[in-house]
There are 2 protein chains.
Amino acid sequence: MLAIGRLSKDSGVKIPTIRYYESIGLLPPPVRSEGNRRMYPPEAVRRLRFIRHARELGFEIDAIRRLADLAQDPAQPCCEADLLARRRLIEIEEKISRLAAQRDELVRMIGDCTHGRIEECRVIDTLDDHAKCLHARH
Amino acid sequence: MLAIGRLSKDSGVKIPTIRYYESIGLLPPPVRSEGNRRMYPPEAVRRLRFIRHARELGFEIDAIRRLADLAQDPAQPCCEADLLARRRLIEIEEKISRLAAQRDELVRMIGDCTHGRIEECRVIDTLDDHAKCLHARH
DNA sequence: GCTACAATCTCCAGTCACTGGAGAAGCAAG
DNA sequence: CTTGCTTCTCCAGTGACTGGAGATTGTAGC
Ligand SMILES: [Zn+2]
Ligand SMILES: [Zn+2]
Ligand SMILES: [Zn+2]
Ligand SMILES: [Zn+2]
């Protein structure tokens with residue numbers, strides 16, 4: 001059995017975050033010691049690492065809840081887990097293309113600016129009029 | 001003078017957002033009509049479009065506040081505006097590389113999975129152990 | 001003038017995923 | 001017993017909105 005500080009160190013998840021995950025039902029409430037301290041079984045480290053890893057890959061809490069539940073159930077088919085991963089992948093690709101478009105605009109704005117006064121600034125000028133952008137939408 | 005609904009349509013910024021921008025001091029409080037309605041000068045459309053455009057390029061409100069103020073002051077040197085743009089560009093590049101790393105992991109997880117049961121699922125398996133990832137960090 | 005209906009007003013709460021502070025209580029070592 | 005560390009609960013704040021409730025104002029048609 002581990003105290004919360006130990007669990008935090010072993011899993012790499014901050015103490016307030018662990019309590020937060022408990023409060024939203026992502027991490028099951030552990031037993032308490034006589035003095036009301038949370039006492040975790042060793043498996044909690046694994047679950048929390050799983051959660052952390054999924055968060056690092058950008059999964060939302062709801063998706064992680066499903067993924068973590070599925071991980072506990074080895075006989076189930078994995079199509080739902082794979083679907084969640086594919087959804088996340090699509091999301092990532094959309095984000096990347098949006099950011100790449102923003103990057104293109106900024107590179108151009110900065111590159112075209114002669115760095116004189118505001119009145120000739122390409123950055124301000126472009127922000128002031130989207131028609132001066134390469135991409136129709138951002 | 002435009003009412004808020006008109007301003008919203010002309011600028012593409014939703015009414016509650018316009019009021020929100022006023023509340024945080026990004027948009028100056030307009031004069032009011034006898035009946036306490038906000039009445040905007042035509043220039044408000046331009047300012048709001050500027051703000052919206054900068055938001056679409058991912059600038060934070062604080063940066064936009066500076067940029068919008070600088071835009072009003074044509075004689076100033078534009079180095080600060082350019083610096084804000086360069087900062088945003090760096091931020092974008094960092095985001096893209098983080099997302100690209102996530103994408104690589106997900107593509108591999110999904111591609112390697114034989115889509116059988118959870119116990120053999122590469123998605124769950126990889127989430128469970130970051131050592132199975134390509135990238136050391138995400 | 002009256003009646004709908006649309007537009008706007010203020011205030012407040014919710015979103016997401018944490019993060020941190022205040023103040024109190026428990027716990028281990030010297 | 002005291003000192004200092006850990007943990008407890010509760011609450012508020014983050015960023016940038018978003019939307020609902022309930023009240024008021026403006027406008028068009030009759
Ligand atoms: Zn410039
Ligand atoms: Zn643009
Ligand atoms: Zn699978
Ligand atoms: Zn990993």
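Labels below follow one simple rule: chain letters A, B, ... track the order of the sequence lines, proteins then strands, and each chain is numbered from 1.
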Item to complete: Grab the CD-P distance between A:Glu22 and D:dT7 for me, whole Å please.
Response: 14 Å
Item to complete: Indicate, with yes or no, if B:Leu83 and B:Leu57 share a hydrophobic cluster defined by side-chain heavy-atom contacts under 4.5 Å among Ile, Leu, Val, Met, Phe, Trp and Tyr.
Response: no
Discussion item. Using a 4.0 Å cut-off to any heavy atom of chain B, which nucleotides of DNA chain C are the first and last in contact, reading 5' to 3'?
Written reply: C:dA7 to C:dT10
Worksheet, complete the sentence: Besides B:Met1, the hydrophobic cluster formed by Ile, Leu, Val, Met, Phe, Trp and Tyr side chains linked at under 4.5 Å, directly or via other members, contains B:Val31, B:Met39
Worksheet item: Closest nucleotide of DNA chain C for A:Tyr21 versus for A:Gly35: which of these residues is on the 5' side?
Response: A:Tyr21
Response to the item:
Contacts of B:Arg47 meeting salt bridge (Lys or Arg N to Asp or Glu O under 4.0 Å) (sequence neighbours excluded), chain-then-number -> B:Asp69
Worksheet item: Among all residues two or more places apart in sequence or in another chain, which pass the side-chain contact (heavy atoms from CB on, under 4.5 Å) test with B:Lys14?
Response: B:Pro16, B:Thr17
Expected rows: protein N/O vs nucleotides 22-24 of chain D N/O, under 3.5 Å:
none

Worksheet item: Quick one: is B:Tyr20 getting a side-chain N or O under 4.0 Å of the D:dT18 phosphate, OP1 or OP2?
Response: no
Worksheet item: Atom CZ of A:Arg19 and atom C1' of D:dT7: how far apart are they, to the nearest Å?
Response: 6 Å
Worksheet item: For B:Arg108, which residues count as a salt bridge (Lys or Arg N to Asp or Glu O under 4.0 Å) partner, sequence neighbours excluded?
Response: none
Item to complete: Output every pair passing ring-ring contact (aromatic ring centres under 6.0 Å, His included) with a member in residues 45-90 of chain B, not counting sequence neighbours, ordered by first then second residue.
Response: A:His130-B:His53, A:His138-B:His53
Discussion item. Rounding to an integer number of Å, can you tell me how far B:Phe59 CZ sits from D:dG15 C1'?
Written reply: 17 Å
Worksheet entry | Value in whole Å for how far the P atom of D:dG15 lies from CD1 of B:Ile64 | 13 Å
Worksheet item: Partners of B:Arg55 by salt bridge (Lys or Arg N to Asp or Glu O under 4.0 Å), sequence neighbours excluded?
Response: none
Discussion item. Salt bridge or not between A:Arg38 and A:Glu22? Use side-chain N to carboxylate O under 4.0 Å.
Written reply: yes
Worksheet item: By a strict heavy-atom criterion of less than 4.0 Å, which residues belonging to residues 38-57 of chain A are in contact with DNA chain C?
Response: A:Arg55
Worksheet item: What nucleic acid atoms does A:Ile15 come within less than 4.0 Å of, heavy atoms only: base, sugar-phosphate, or nothing?
Response: sugar-phosphate
Discussion item. Going by side chain to side chain donor-acceptor pair (under 3.5 Å), name the residues that satisfy it together with B:Arg6, two or more places apart in sequence or in a different chain.
Written reply: B:Asp10
Worksheet item: Which residues satisfy the salt bridge (Lys or Arg N to Asp or Glu O under 4.0 Å) test with B:Glu80, sequence neighbours excluded?
Response: B:Arg66
Practice prompt. Could you name each residue pair satisfying ring-ring contact (aromatic ring centres under 6.0 Å, His included) that touches residues 11-30 of chain A, not counting sequence neighbours?
Written response: none
Practice prompt. Specify the residue among A:Glu34 and B:Ile4 whose closest nucleotide of DNA chain C lies further upstream toward the 5′ end.
Written response: B:Ile4
